[in-house]
Amino acid sequence: MGNFEILSSMLNINFTFNNEDVSINGSAQKDGKTGDIQTLSGACYTPSESSDGDHIGNFSGHRRDGKMLYSLSDIEPADAQIVADAIAEIEDIINKS
């Protein structure tokens with residue numbers, strides 16, 4: 001009988017996140033062995049009940065040296081903290097799943 005060993009696996013996650021400040025459509029990859037988030041990205045909108053609100057920017061992140069690093073694009077300084085807070089909450093939710 002042959003030997004079989006899974007060397008790595010990734011869980012692909014597509015999600016929506018909504019709070020009173022921002023709506024995000026995003027995706028993430030989580031390492032199947034360690035459970036660590038490897039990538040996290042999303043498109044950010046103003047909250048809207050009927051459809052996507054106004055686009056307020058994008059973010060993308062990747063793991064380097066044991067921590068997640070993020071780039072924000074097309075996000076006004078006034079919205080940067082709202083997006084950063086949402087990213088932290090999304091990370092927490094994914095880490096607990």
Side-chain angles (χ1 to χ4, degrees):
M1 188 80 175
N3 291 326
F4 177 80
E5 179 182 1
I6 296 175
L7 301 176
S8 66
S9 66
M10 286 288 184
L11 173 63
N12 292 312
I13 302 165
N14 294 311
F15 66 87
T16 59
F17 172 85
N18 299 287
N19 66 19
E20 61 277 353
D21 298 318
V22 67
S23 293
I24 298 174
N25 296 325
S27 63
Q29 286 187 320
K30 188 174 180 179
D31 185 292
K33 281 189 148 185
T34 66
D36 292 335
I37 298 171
Q38 299 300 307
T39 64
L40 178 61
S41 61
C44 307
Y45 302 88
T46 57
S48 173
E49 301 224 358
S50 59
S51 64
D52 287 343
D54 295 329
H55 186 255
I56 59 173
N58 304 300
F59 68 88
S60 63
H62 64 277
R63 181 166 298 282
R64 184 183 315 154
D65 298 328
K67 58 186 167 186
M68 291 296 293
L69 302 174
Y70 289 94
S71 297
L72 305 179
S73 61
D74 299 323
I75 295 177
E76 293 181 17
D79 295 324
Q81 189 60 52
I82 291 168
V83 172
D85 291 344
I87 290 170
E89 192 171 346
I90 292 166
E91 275 189 5
D92 189 50
I93 292 166
I94 292 173
N95 283 327
K96 290 178 179 174
S97 65

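Quick note: residue numbers are just sequence positions, from 1. Reckoned from all heavy atoms, side chains included, excluding hydrogens, waters and symmetry mates.
At a threshold of 4.5 Å between side-chain heavy atoms, the hydrophobic network of Ile, Leu, Val, Met, Phe, Trp and Tyr places I37 and L11 in one connected group.
Evaluation of the side-chain contact (heavy atoms from CB on, under 4.5 Å) rule for E89 yields F17, N19, I93 as partners, not counting sequence neighbours. Every residue meeting the side-chain hydrogen bond (donor to acceptor under 3.5 Å, both in side chains) condition with D92, not counting sequence neighbours, appears here in chain and number order: K96. With sequence neighbours left out, the side-chain hydrogen bond (donor to acceptor under 3.5 Å, both in side chains) criterion links N18 to S23. Qualifying side-chain hydrogen bond (donor to acceptor under 3.5 Å, both in side chains) partners for D85, counting only residues two or more places apart in sequence or in other chains: Q81. Qualifying side-chain hydrogen bond (donor to acceptor under 3.5 Å, both in side chains) partners for K67, counting only residues two or more places apart in sequence or in other chains: none.
Scanning all heavy atoms of the two residues, the minimum distance from S97 to I94 falls at OG-O, 2.8 Å. Between C44 and I24 the shortest heavy-atom distance is SG-CG1, 4.0 Å. When all heavy atoms are compared, the tightest approach of E91 to L40 is CG-CD2, 3.9 Å.
Using a distance-only test at 3.5 Å, with no hydrogens or angles considered, a donor-acceptor pair links the side chain of K33 to the main chain of I6.
Contacts classified as side-chain hydrogen bond (donor to acceptor under 3.5 Å, both in side chains) and involving residues 1-12 (residues at least two apart or in different chains) are given here: N12-Q29. For residues 48-79, the set of pairs meeting the ring-ring contact (aromatic ring centres under 6.0 Å, His included) definition, not counting sequence neighbours, comprises Y45-H55. Every pair tested for salt bridge (Lys or Arg N to Asp or Glu O under 4.0 Å) that includes a residue from residues 12-31 fails, sequence neighbours excluded, so the list is empty.
Two residues are said to be in side-chain contact when any heavy atoms from C-beta on lie closer than 4.5 Å; D36 and R63 meet this criterion.
Hydrophobic clustering, defined by side-chain heavy atoms of Ile, Leu, Val, Met, Phe, Trp and Tyr closer than 4.5 Å, leaves L69 isolated from every other such residue. Using a 4.5 Å cut-off between side-chain heavy atoms of Ile, Leu, Val, Met, Phe, Trp and Tyr, L7 forms no hydrophobic cluster with any other residue.
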| request: Please test I56 against T46 for side chain to side chain contact (heavy atoms under 4.5 Å, CB included), starting from the C-alpha separation and ending with a verdict. | output: CA-CA 7 Å; I56 59 173; T46 57; 3.7 Å; yes
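Rounding to the nearest 0.5 Å gives a distance of 4.0 Å between OG of S73 and CG of N58.
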